[in-house]
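See below for the structure under consideration.
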Amino acid sequence: MSDFHNRSQISARRSDYVWQYEYYDDEEPVSFEGLKAHRYSIVIGFWVGLAVFVIFMFFVLTLLTKTGAPHQENPDSAEKRHRPGSCLVDIDGAQDENDKAFSRPLLAESRSYFHFYINEEDQGQGKQKPEDKLTGKNAGARAQQGTCNRPRGISSSVMDEMDEDVEEAGGHQPLKGLLEESKTDRECAFFSHFNIPNFVNLEHSSTLGEDDLLYEPSVVLERQSRSQDAHSDIH
Amino acid sequence: MNANPVNQSDCPEVKVPVPLFLAIGVVSLAENLLVVVAIIWNRNLHSPMYCFICSLAAFNTIASLSKTWETLMIVFADVGQLEKTGSSVMKLDDVMDSLLCMSFVGSIFSFLAIAVDRYITIFHALRYHNVMTMRRTGAMLGIIWTTCGVVAVLMVRFFDSKFIMICFVAFFIISLAIICSLYVYMFMLARIHARKIAALPTSSGGRSRQQRWRGNSMRGALTLTILFGAIVVCWAPFFVHLIIIMVCPMNPYCECYRSLFQLHVVLLMSHSVVDPAIYAFRIAELRHTFRKMLLCSQWRRCS
């Protein structure tokens, strides 16, 4: 019965378009006698808690970033180290004095990280090639366009969320490499095909061989990006 | 109309002026409509990521539209132009409430979808095109919109029952937890990437890169804090309001919190205004499309 009473009151109130809801019990007004704390203590407590939470979250995130400063590597592995990373970046090739300090653990880390991408790529490329062949012209063009534009989309939306420098990366190779790293299969697939078979031999290969390896992927990459840009320009 | 006599309540209801409601509604409507139109108009933006952002903007558009409409109807009703009683008016009220509910639930679903999409982009980058095809995106969006419609109708039909409200609040808290964990995980991986790249040898010199890495990290942390903080700051007061209705309707402290209801609704609406700035306007392609749409007086030249 009280439900029915409430409902009729509710419908009456709703048709009145008042910002009042059924819980404002008019028959039994809330008594404000004997309040120990301030009236708005819940409100104040809520907002203070919210502010503390947001600031705490910000500090936790900045602490997460500060605990991971780039550490120094050993000088002898510096040259060999940056090859596995060529999918990650550096077409530059120039070495610094400081870079000799980069350590081996990073080499192992990037190798396992790289294997992760290779495994992904093997599955991905196998599936993608038939797709590319079977789909019609428009869809194929769209897929190309998608591939061409998704990196931009990814770089600008996802990486922008994390790293706003990416768009200004202009001549800054490593961040551009981060861009390219987050692109889909093609470039990484090419690099992997070039690098992985030679990966084991890298430490023993001559400087001439290493330079060749460096040269070819970059040329291929440029060709790739040029063709993709051409596609995107059409659309 | 039964109002609490003022001398019996020390916490009078805080009323927000109607022009503020209307202003927020109109601004939010304009922004989100612009985002939706831009994404539909530019064929380059027909990819899963942009579809989710478009869906979010569409939900925000519906929210601001129904809120503005409701505000206008209240204004007309107060002025006397509109009948206050009658079943058609009540049905209209129901429709607007359900549209609002639909847009709230839809916004939360869209946040979730955007976070999951970004997560797949980063952690399964090479399989992204296979996992997130346009067909699957369409199916997901269809499911989201259908679910929101059904939930909205149910909520307005059965809003008396506590179960519905508990479900709504639980849904919000779970979504928030999922979004938070996804973004923090993505953030940590992005830091690892950036750290590796910052550690790579180039000719630019290690120290300046380290500073740039620090700056980028700070900016990433700030971006994530703004994104998540905006959701929490704008949505939490309303949901705490719902919790308080269920938990302590008679408590005077709770009454004082409930008296701020209109402020909390304004906060909720202001999130629709802030959303495009957080999601859509940060994408260069979208900004470019806006400029083309807004500044081009002659369409022929622009295409």
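Just so it is clear: chains get the letters A, B, ... in the order the sequence lines come, proteins before strands, and each one is counted from 1.
Between chain A and the residues B:A280, B:G229, B:C180, B:A236, the most heavy-atom pairs under 4.5 angstrom are made by B:A236. In terms of heavy-atom pairs under 4.5 Å with chain A, the best-connected choice from B:V232, B:V184, B:V131 is B:V232.
At a threshold of 4.5 Å between non-hydrogen side-chain atoms, the residues A:Y40 and B:S259 count as touching.
Between B:Y257 and B:H264, the ring planes lie tilted relative to each other; the angle falls in the 30° to 60° range.
For a residue to count as touching a neighbouring chain, one of its non-hydrogen atoms must lie under 4.5 Å from one of that chain's; by this rule B:P48 does not touch chain A. Looking at A:F53, the atoms closer than 4.5 Å to chain B (heavy atoms on both sides) all sit in the side chain, from C-beta outward. Proximity to chain A (any heavy atom under 4.5 Å) is restricted, for B:I244, to the side chain, taken from C-beta onward. Interface residue A:F58: backbone and side-chain heavy atoms are both found under 4.5 Å from chain B. With a threshold of 4.5 angstrom between heavy atoms, B:V233 approaches chain A through its backbone and through its side chain.
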Quiz item: Given the rule in the side chain to side chain donor-acceptor pair (under 3.5 Å) test, do B:Y50 and B:N42 qualify, once you have shown the distances and angles that lead to the verdict?
Solution: CA-CA 11 Å; B:Y50 296 110; B:N42 186 351; over 6 Å; no
Exercise. Take B:F123 and B:Y185, measure what ring pair (Phe, Tyr, Trp, His ring centres under 6.0 Å) needs, and give me the verdict at the end.
Key: CA-CA 10 Å; B:F123 286 91; B:Y185 201 28; 4.7 Å; yes
Exercise. Could you walk me through whether B:H124 and B:R127 pass side chain to side chain donor-acceptor pair (under 3.5 Å), step by step?
Key: CA-CA 5 Å; B:H124 302 280; B:R127 286 187 297 176; 2.8 Å; yes
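Remark: B:R282 is not positioned above the aromatic ring of B:Y279, lacking an NZ or CZ atom under 6.0 angstrom from the ring centre and at most 45 degrees off the axis.
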